[in-house]
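One is the number of the first residue; the rest follow in order along the sequence.
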Amino acid sequence: MEEIKKSLGSVIITKEIATDIKKSVKNTADFGKKIKEYITQNTTNFLDVILFGAILIGASDIHIEPQEDKVRIRIRLDGVLQDITFFSQETYHNLLSRIKLLSKIKLNITEKPQDGRFTVVVENALIEMRTSSLPSEYGESIVIRILNPKNLIELSALGLRKDLYRILEKEIKRPNGMIVVSGPTGSGKTTTLYAFLLQIQNSEIKIITIEDPIEYHLTGISQTQVAPEKGYNFSEGLMSIVRQDPDIILVGEIRDLETAKIALQASLTGHLVLSTIHTNNAAGTIPRLIDLGADLSSVASALKMVVGQRLVRKICKECSILVKPSKEELVEIKTGLKNIPENILEEIGISKNLNQIKIPKIKEGGCKICNFTGYKGRKGIFEVFLIDAQMEKFILTSPSVASIKELLIKKGMVTIYQSGLIEIVLGETTLKEVKKVVEADE
């Protein structure tokens, strides 16, 4: 632990603070009260309480937002921001200086955005924190992203349907080709990629990743982090990685033509390449690669599987109930599920006759267990397609997103929206939640 302190300049959460938080913070209301208790203490302890409280509750981000006469602190929990408490501008300025020092960003620059990072050490665990400061009307708005290693889960824990699990388990064992996970920011793409790595990792293969930043540290895998300010970007790093003779390469994100070209080439020359791309759905991956300038024949030959995903909140099992859907809800669910192959519905335990189903209804105001939201935790909803001979030929025509999606649905792909409807019928989430993250299929 001493070596960690020296080498990382980390925030070391003391045993006293950790014990106090664990004993008294069970939900967001408790968290707000605890922050107020520590406002009068020194800034170091005050920040430690904010950081460890957010980690304990399971927040993904901490937002510190100056307003005209006070400063608001919020956390993002299960993808939704929640107010925690307010404090004075004086407390904020002390807190801001502490965060900037830890993150190694310049204290005297207040009119330009800055990014930094630091590490929290608690009970022998390392938790990376990524800091972003942004000038605003009343001061610098600070967002701290919590990269908690407890979010690192295996493929079997992703909550995949049986049919999807079988497909993914088979495809990630390919000796070469490219597998892409698509979706917007915060949709769980990186978590899915790491689940792939955990599933296929063994002592007989070499895996190298290039990321921005390294979100989870994996034993037995070589991980490298881009540093654009030093001229080390994805494309340059990827070229170096290929020379290291890896079997599997994980590229954190395909952002530009150079990275796309090298990743495609690597996948065509004996490597399995895993990566992410920002698109609204799986079908959008192909046009996105083409828009970047990637060669049509390379995309058609290299791409083997595309996974599109979103995250939906799960109902709180303590306070939600199952009810008969309204007439409108039943029509929407029936319409959405009618084209799903019957064998898939049977395998996951859904009857073709949906007239007797009951769907979740959350309790207004929730309970203490779910931080008074009605929801507790999140899970992925997915759409997956493989590149077969027909799709390869189709890619060479530079098709639109709409035409790709139309073909995939004809070929039996279950869309993200349909996956959401399945989770509703299975009692995991609500129609309102699904429609919040994905549009209904036309």
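Looking only at side-chain heavy atoms (C-beta outward), Leu274 and Met178 stay at 4.5 Å or farther from each other.
Each salt bridge (Lys or Arg N to Asp or Glu O under 4.0 Å) pair with one or both residues in residues 250-269, not counting sequence neighbours, appears once here: Asp212-Arg255, Glu253-Arg255. For the salt bridge (Lys or Arg N to Asp or Glu O under 4.0 Å) condition, the pairs that include at least one residue of residues 132-149, sequence neighbours left out, are Asp61-Arg145, Lys100-Glu140. The salt bridge (Lys or Arg N to Asp or Glu O under 4.0 Å) contacts involving residues 152-162 comprise Arg161-Asp163, where partners must be two or more places apart or lie in separate chains. Applying the salt bridge (Lys or Arg N to Asp or Glu O under 4.0 Å) test to residues at least two apart or on different chains, the pairs with a partner in residues 371-386 are Lys379-Glu423.
Side chains of Asn371 and Thr373: no donor on one and acceptor on the other come within 3.5 Å. No side-chain donor from either of Tyr216 and Thr190 sits under 3.5 Å from a side-chain acceptor of the other. With no hydrogens or angles considered, no side-chain donor-acceptor pair links His278 and Ser182 at under 3.5 Å. Side-chain polar atoms of Glu90 and Ser88 form no donor-acceptor pair below 3.5 angstrom. In this model, no donor atom of one side chain and acceptor atom of the other lie less than 3.5 Å apart for Glu65 and Ser136.
Among the candidates Glu16, Lys22, Lys15, the single residue satisfying the side chain to side chain contact (heavy atoms under 4.5 Å, CB included) test with Thr19 is Lys15. In summary, of the residues considered (Leu264, Leu292, Ile387, Thr285), a side chain to side chain contact (heavy atoms under 4.5 Å, CB included) with Val299 occurs for Leu264 alone.
Of all the heavy atoms in Phe385 and Ala282, the pair that sits closest is CE2-O, 3.5 Å. Shown here for Ser187 and Leu311, the closest heavy-atom pair between the two residues is O-CG, 3.4 Å. Between Gln223 and Leu218 the shortest heavy-atom distance is OE1-N, 2.8 Å.
In terms of the side chain to side chain donor-acceptor pair (under 3.5 Å) criterion, Arg310 has no residue partners (sequence neighbours excluded). Legend: residues meeting side chain to side chain donor-acceptor pair (under 3.5 Å) with Tyr232, ordered by chain and number and at least two apart, are Thr224. Under the rule for a side chain to side chain contact (heavy atoms under 4.5 Å, CB included), the partners of Phe86 that lie at least two apart in sequence or sit in another chain are Gln67, Lys70, Arg72. By the side chain to side chain donor-acceptor pair (under 3.5 Å) test, Lys435 is found to be paired with Glu332, residues two or more places apart in sequence or in another chain being considered. Listed by chain and number, the residues in a side chain to side chain contact (heavy atoms under 4.5 Å, CB included) with Lys368 are Asn27, Phe372 (sequence neighbours excluded). Applying the side chain to side chain contact (heavy atoms under 4.5 Å, CB included) criterion to Lys170, with sequence neighbours excluded, gives no partner residue. Listed by chain and number, the residues in a side chain to side chain donor-acceptor pair (under 3.5 Å) with Ser103 are Thr131 (sequence neighbours excluded).
Judged by distance alone, the side chain of Thr119 and the main-chain N or O of Leu126 form no donor-acceptor pair under 3.5 Å. His271 contributes a side-chain N or O that, together with a main-chain N or O of Ala266, makes up a donor-acceptor pair within less than 3.5 Å. A donor-acceptor pair under 3.5 Å is absent between the side-chain atoms of Thr91 and the main chain of Phe87, judged by distance alone.
The distance from atom CD1 of Ile55 to atom CD1 of Ile50, rounded to the nearest 0.5 Å, is 12.0 Å. Taking CD1 of Ile422 as the reference point, atom CD1 of Ile333 lies at 11.5 Å (rounded to 0.5 Å).
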> Does the salt bridge (charged side-chain N to carboxylate O under 4.0 Å, His left out) test come out yes or no for Lys314 and Glu428, once each step is laid out?
Replying inline: CA-CA 5 Å; Lys314 297 189 293 184; Glu428 293 294 320; 5.1 Å; no

> Is there a ring pair (Phe, Tyr, Trp, His ring centres under 6.0 Å) between Tyr38 and Phe46 once you walk through the steps?
Replying inline: CA-CA 5 Å; Tyr38 278 80; Phe46 182 50; 8.2 Å; no

>> Would Lys34 and Ser24 count as a side-chain hydrogen bond (donor to acceptor under 3.5 Å, both in side chains) here? Give the steps.
In response: CA-CA 8 Å; Lys34 186 55 62 175; Ser24 53; 3.3 Å; yes

May I have the list of side-chain donor-acceptor pairs in residues 236-249 shorter than 3.5 Å, sequence neighbours left out?
residue: Ser240; atom: OG; partner: Glu236; partner atom: O; Å: 3.3
residue: Asp247; atom: OD2; partner: Lys206; partner atom: N; Å: 2.7

